[in-house]
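When a ligand or atom number is given, it counts from 1 through the structure's own listing order. Throughout, numbering of the chain's residues begins at 1 and tracks the sequence.
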Amino acid sequence: MKKVLFINPPVVCVNECQQGWYSFAHPTSILKLIAWQQQLGHQVAFIDCMDYAVNKITSLQFYKKMPLGTNNLNLYIDTFILGKPMSWLEQELQKQDPPEEVWISCHMTFNNELAHQVIRTVSTVFPEALLLLGGNYATLFPEHAQQKSKALIHGGLIPEAKTLFPDYSLFKAPLEYIVFQLDLGCENNCSHCVNSKLFKEVVRFDVQALVDDLQQKKELYGVIDFINIDPNVANYDLEDFLRACIEKKLEANLYFYGGIQPDKVTGGLAELMKEANVRGMTLPRELEKETNAQIQKSYGAEHFHRAVEIFQKNGFNLSDFHCSFPVGFKDDCLIDIASIIKEINDLGAIAEIAPVALIPGTAEYDRHSMLLKGKSLEELNWALWPALDTAEQIFAHAQLYNAAHGNRFKRPWDSDIFAP
Ligand code: SF4
């Protein structure tokens, strides 16, 4: 038996808009690996540096100033750490018996620097431990990850653990909901998305066993809200899953915030969703036809409108429908964006304005590469509007972002920075 210590690093947060965006960021992959290592009989510990209270005004700690917009603008904005600082981590590490192995995961590529800080902190406390770095960042940028960390890099999912269910027994944050996985990956090829690069083939879970697992978690933790953030479940096992929830009388509230592909919405699916008690979802609105075609979407606004009609016919309240559309491209049409926000608000739904994370290796990164010149992975954080190259554009996007959220943010992208 060996001791394996898992660490979930904190994340970078530019402002309260990005803080809210980190909703439902449970460390599902780590919780699956914990399940696996426990099954193998190893001693497992978990240090979670993340703060899940994303809707409360928590005391974010100052991280550093980072460039806002393209580098030639010379604009900088304060950024923060959401989660625990390295000093806290060091104290937590001191409380541990030395582990043989320490596994660290980094999901968003723009959070990699904090994962490296975690690794450096662990190395000083446990110089003998084997360090292993995994997650989307290590999968997409193994050389970058290896050079910066000197850790062992694991790309992709671990076959033995990929379809295990997350083990929440070591998860200490308040459990208001539980995150579950149904289908990982997506075979579409939207030009800004890395999902098709992360998963060579879609990973599908055993639907019956999954519903049994949710039933057990419901009883064990008293949780009735189950959240799925997989990229495209409507393309795969959603109907089977809903049928199983109905047959097994799960009687929970289900939410699908990863995105229900609108052209897959049928009357039959909507009926199943209603009966299985689906309360909320992300239903992509996408952009207008020409822009949508440019980013290679296989579905568009017309499918969204038809899906909305179907959901309305089936008696859905749209107040927890997040209707997403990507922004932050160099050629955004702000008038279109404003009218999309109004259209969604008029439906009584949520205008989910979604700034793109431009990631090297995607067609969209290439299309913006001149503007992104000189940016590190960390500086490609979507909340830094990395491809916008005038202060006016950033200001307009900030205003639209806030408008989409009912102007509830006080000073997103602090307006002082736009002063001449
Ligand atoms: S449909 Fe969604 S998950 Fe699939 S490639 Fe497009 S953006 Fe990515």
Side-chain angles (χ1 to χ4, degrees), residues 21 23-25 28-29 107-110 135-137 139-141 156-157 162 179-205 227-239 241 255-266 269 280-308 321-329 331-332 337 340 344 349-368 380-382 387:
W21 176 82
S23 299
F24 316 122
T28 323
S29 305
H107 183 61
M108 303 305 300
T109 54
F110 56 72
N136 291 354
Y137 158 62
T139 302
L140 292 168
F141 302 103
L157 299 175
K162 66 183 179 185
V179 175
F180 70 97
Q181 296 179 327
L182 175 59
D183 298 299
L184 302 177
C186 175
E187 290 154 304
N188 294 344
N189 258 314
C190 306
S191 61
H192 57 89
C193 183
V194 289
N195 268 308
S196 58
K197 298 181 194 324
L198 284 168
F199 303 95
K200 297 269 175 287
E201 56 186 40
V202 174
V203 176
R204 304 170 77 155
F205 284 68
I227 315 278
N228 179 274
I229 51 171
D230 298 348
N232 200 346
V233 290
N235 239 348
Y236 306 103
D237 295 298
L238 179 57
E239 291 206 6
F241 170 74
Y255 301 84
F256 292 90
Y257 290 137
I260 297 297
Q261 187 170 318
D263 59 334
K264 303 292 173 192
V265 175
T266 60
L269 176 64
M281 70 185 75
T282 294
L283 184 68
R285 156 60 171 83
E286 304 300 356
L287 297 166
E288 298 310 349
K289 216 168 188 160
E290 208 175 296
T291 337
N292 203 40
Q294 173 157 287
I295 55 175
Q296 296 165 28
K297 293 277 171 188
S298 62
Y299 53 90
E302 67 279 19
H303 301 110
F304 167 79
H305 294 135
R306 208 167 51 231
V308 165
F321 274 50
H322 296 243
C323 306
S324 56
F325 49 96
V327 300
F329 301 112
D331 36 20
D332 275 348
I337 292 170
I340 289 170
I344 297 168
I350 298 164
E352 191 68 60
I353 187 164
V356 280
L358 294 158
I359 300 179
T362 62
E364 222 43 52
Y365 177 89
D366 291 346
R367 194 167 76 84
H368 290 80
L380 291 170
N381 185 329
W382 61 261

Roughly how far, to the nearest 0.5 Å, is CG of L283 from CD of E352? 12.0 Å
Angle between ring planes, W21 versus W382, binned at 30° and 60°: parallel, tilted or perpendicular? perpendicular
So do the side chains of L380 and P360 get within less than 4.5 Å of each other, counting heavy atoms only? yes
Drop me the distance from I295's CD1 to T362's OG1, to the nearest 0.5 angstrom. 11.5 Å
Residue Y299 vicinity, atoms of ligand 1 by number, heavy atom under 4.0 Å: 1 (S)
Going from CD1 on I260 to CG on N235, what distance comes out if it is rounded to the nearest 0.5 angstrom? 10.0 Å
Under the criterion side chain to side chain donor-acceptor pair (under 3.5 Å), I'd like the reasoning laid out for Q261 against N232: C-alpha separation, chi angles, the key distance, then a yes or no. CA-CA 7 Å; Q261 187 170 318; N232 200 346; 2.7 Å; yes
Heavy atoms, side chains only, cut-off 4.5 Å: are F325 and F304 in contact? no
protein heavy-atom neighbour closest to atom 7 (S) of ligand 1 works out as K297 NZ, 3.4 Å
For atom 4 (Fe) of ligand 1 the protein N, O or S atom count under 2.8 Å stands at 1
